*Asks:* 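Attaching a single structure in structure tokens format; questions to follow.
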Number of protein chains: 2
Amino acid sequence: MVTSKKAPTIQDVARHAKVSAATVSRVLSNPERVSEATRERVHKAVSDTGYTINQAARSLRMRAAKTILIALPDIGNPFYSTVLDAVVDEAAVRGYSLLVANRFAGDPSRLLSDYFLSSRADGLILLDGGVDTTLLQALATGDGHVPMVVSFDEAPKADVAAVLIDNLEAAERATEHLVALGHTKIGHIIGPSRNAAPNPRFVGFKNVMARAKLELRPEWLFPGTYAMDSGLAAAEAFLALPERPTAVFSANDEMAIGFVAALRNAGLECPRDISVIGFDDIAIARHFWPPLTTMHHPREQIGRLATESLIDILEGAATPGAPRRITLRADLVVRGSTRSLR
Amino acid sequence: MVTSKKAPTIQDVARHAKVSAATVSRVLSNPERVSEATRERVHKAVSDTGYTINQAARSLRMRAAKTILIALPDIGNPFYSTVLDAVVDEAAVRGYSLLVANRFAGDPSRLLSDYFLSSRADGLILLDGGVDTTLLQALATGDGHVPMVVSFDEAPKADVAAVLIDNLEAAERATEHLVALGHTKIGHIIGPSRNAAPNPRFVGFKNVMARAKLELRPEWLFPGTYAMDSGLAAAEAFLALPERPTAVFSANDEMAIGFVAALRNAGLECPRDISVIGFDDIAIARHFWPPLTTMHHPREQIGRLATESLIDILEGAATPGAPRRITLRADLVVRGSTRSLR
DNA sequence: AGGTCGTGTGTAATCGATTACATGCATCAG
DNA sequence: CTGATGCATGTAATCGATTACACACGACCT
């Protein structure tokens, strides 16, 4: 075992200031209940001893760890790590520590026992859309009653606080951008669907195609997983086509990038031969060649608002009743991968 | 406040199994000290009640939180988030939770008081090379005695356990690759230097240039910060050159990518007009156009080994005496951004 | 003078798990 | 039959912070 000099306790401070531990505690949490003179003596004792509160003891007594847990499907994915960045920041500002759980793959009950029943964390930010809706519901309102805020693509039906973008509507605007450029032959790389619901970005795409009375050919629809590889696969299918679309809306940037890169290998230039719009505006999108036109996903803001909402819930500052749902706007960012046909 | 049904305690289990709390505790941590029959009854009681240990209470009593802290300069950076990914994984396997601190910018004393004196975390994985060496030394061996493992580019002089690659040696091999391809006019995009020491990748570059008796022109050395933007800046300086190198070694991939992208905008093609080798092998490197030749930084392995080492130290399994230092090899990955001059 | 009230502080119980020590009981040697 | 030995289990102290309650003391009123 590693030895370390024992950290000073509240008792040490009390002795130093010649008061009781209770008074020290009060100075630290209810200063107004202590006389000016004592307060000063205690503060001096605190800095003299270098006292830092023992969180384990505090958690035990208060039944609150001042810690939140973020559960994500894949930290290594820049998309999630940007959200995480904002969450860490905001949590620190509010005095909370942040625990991270990764790839717990649809086993929310392990989260419950590992983190909440064992009172390691007070609340949960859930970024994994792969969690079954009924499990989610149970986690949020069942026995454990885990306070939580979710954020992922498929709007959950569950009765839970959420911070989201309107994927369907944003996908409509992405598609409209292509239509506005004069494209009539438009394909789509479809994102995966969760919980048996159709991918909302796909739905948005179909809506606009229908409204614009454009033909929606089945062979122009490429199934994908959001991974870059499905972009490559889509490119292969695309190249084999007898008649090709002039534009493609990819359900995310990774697939768009894979798609464009694979086409370039085959001699097709973007945007000369094909316009491509992505979705999410990941960091590389701007530095890719050509710079990718895409829908900006406000990840940073999502992380920040999710954290704020969760802590508001934890501290009772949230309005009771229906859980709050915040919907953010994803803005179109026109760069170099789409061009007008006119 | 949020109300939630109280989690069962060890007392509840004890009552259920008709034994004392001490026995339940023993079944859970020293099963061999309890008779077969009682052990079974307790196990049944545990699953009947759905008991989960209260970590706050355990931490208080044991003076150990079963939690490690990882401090990084920038979670959003894919480089770090890949390490983080491995760390989360490995920590979970060993039964540890993971706290994350981001951008604490050279204020290690705040880490000490916020996480260690307050006994929120038992050990530290430090990925931020920006920490002053003497502060680091103090943190590792001073009053608080924070058990830790570091990993960052500049080999710390501090007497601390570390998991690293040999940056200098790897930079030599990167440069040798360009030399072997027949390049004689070679430039370098220099990484930032920390703690007044020259960047080791720069040193490696200079070593090989000297050994190969190649001219090292000052105007072919471009200062950078590791951010993509410095690649753009380097490209501008490059384009203004009266005589240009035929190959460039960039101290990391981000700058290499920015460099290549900016050159392409100016009509220069890589590798036709210039060969570029990066360093780190970040995820995009393989999907960039052209696919980037680079040195593979074994981030995943670093995260895994750093976590293992730390937990070994925490659990007393580490060999006492000098802190262990593990040096990994960074392999050359030849892709499409470098070509032979012959 | 006696009582009421308010302010400031201390005492002690509490949160839940661990563990040194005590105890009870069975076994076995002499 | 007695006492030593060892195993299984219980009792109670402990970790450090919080807080209900008690108490002491002074101010003020009638």
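We name chains A, B, ... by the order of the sequence lines, and we start the count at 1 in each one. Source: prediction; values computed, not measured.
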*Asks:* Determine, for nucleotides 6-14 of chain C in 5'-to-3' order, which nucleotides have protein heavy atoms under 4.0 Å from the base (write B), from only the sugar-phosphate (write S), or from neither (write -).
*Replies:* --SBBB-BB
*Asks:* Check whether any side-chain nitrogen or oxygen of A:S25 sits under 4.0 Å from OP1 or OP2 of D:dT18, and answer yes or no.
*Replies:*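 For D:dT18, OP1/OP2 do have a side-chain N/O of A:S25 under 4.0 Å.
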*Asks:* Can you tell if the side chain of A:L164 reaches within under 4.5 Å of the side chain of A:F152, non-hydrogen atoms only?
*Replies:* no
*Asks:* Round to a whole Å and report the spacing from OH of A:Y51 to P of D:dG16.
*Replies:*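 It is 10 Å, rounded to the nearest whole Å.
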*Asks:* If you assign each of B:L60 and B:N30 to its closest nucleotide in DNA chain C, which residue comes earlier from the 5' end?
*Replies:* B:L60
*Asks:* Contact class for A:L28 vs. all strands (heavy atom < 4.0 Å): base, sugar-phosphate, or nothing?
*Replies:*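 It contacts nothing in the nucleic acid.
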*Asks:* Would you check if A:I68 and A:L98 make a side-chain contact, meaning some heavy-atom pair closer than 4.5 Å?
*Replies:*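 A:I68 vs A:L98: side chains touch.
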*Asks:* With a cut-off of less than 4.0 Å, is there a side-chain N or O of A:R63 near OP1 or OP2 of C:dG16?
*Replies:* yes
*Asks:* In terms of side-chain heavy atoms, does A:T49 have a donor or acceptor partner in A:D12 at a distance below 3.5 Å?
*Replies:*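 Not at all, the side chains of A:T49 and A:D12 share no donor-acceptor pair under 3.5 Å.
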*Asks:* Is it true that B:K44 and B:E40 make a salt bridge, defined as a side-chain N closer than 4.0 Å to a carboxylate O?
*Replies:*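 Looking at B:K44 and B:E40, the cut-off is not met.
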*Asks:* For the atom pair CG (A:L99) and OG (B:S97), what is the distance rounded to the nearest 0.5 Å?
*Replies:* 5.5 Å
*Asks:* Given atom CG of B:D12 and atom C1' of C:dA17, what is their separation to the nearest angstrom?
*Replies:*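 Computing the B:D12:CG to C:dA17:C1' distance gives 13 Å.
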*Asks:* Let's see if you can work this out: which of C:dG16, D:dA17, C:dA17 has an atom nearest to the side-chain heavy atoms of A:A57?
*Replies:*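 Out of C:dG16, D:dA17, C:dA17, the nucleotide with an atom closest to A:A57's side chain is D:dA17.
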*Asks:* Regarding A:K66 and A:D122, does a basic nitrogen lie under 4.0 Å from an acidic carboxylate oxygen?
*Replies:* no
*Asks:* Rounded to the nearest Å, what distance is computed from the CD1 atom of residue A:I10 to the C1' atom of nucleotide D:dA17?
*Replies:* 6 Å
*Asks:* Is there a donor-acceptor contact under 3.5 Å from the side chain of A:D85 to the main chain of B:I75?
*Replies:*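 Side chain of A:D85 to backbone of B:I75, a donor-acceptor pair under 3.5 Å: no, none is there.
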*Asks:* In whole angstrom, give the distance that lies between atom CD1 of A:I53 and atom C1' of C:dC15.
*Replies:* 14 Å
*Asks:* Could you check how far CZ of B:R120 sits from C1' of D:dA17, rounded to whole Å?
*Replies:* 14 Å
*Asks:* Rounded off to whole Å, could you give me the CZ-to-P distance for the B:R15 and C:dG16 pair?
*Replies:* 11 Å
*Asks:* Roughly how many Å is it from CG in B:N54 to P in D:dA17, rounded to a whole number?
*Replies:*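 Whole-Å distance recorded here is 17 Å.
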*Asks:* B:M62 has an atom CE; how far is it from atom P of C:dA17, in whole Å?
*Replies:* 13 Å
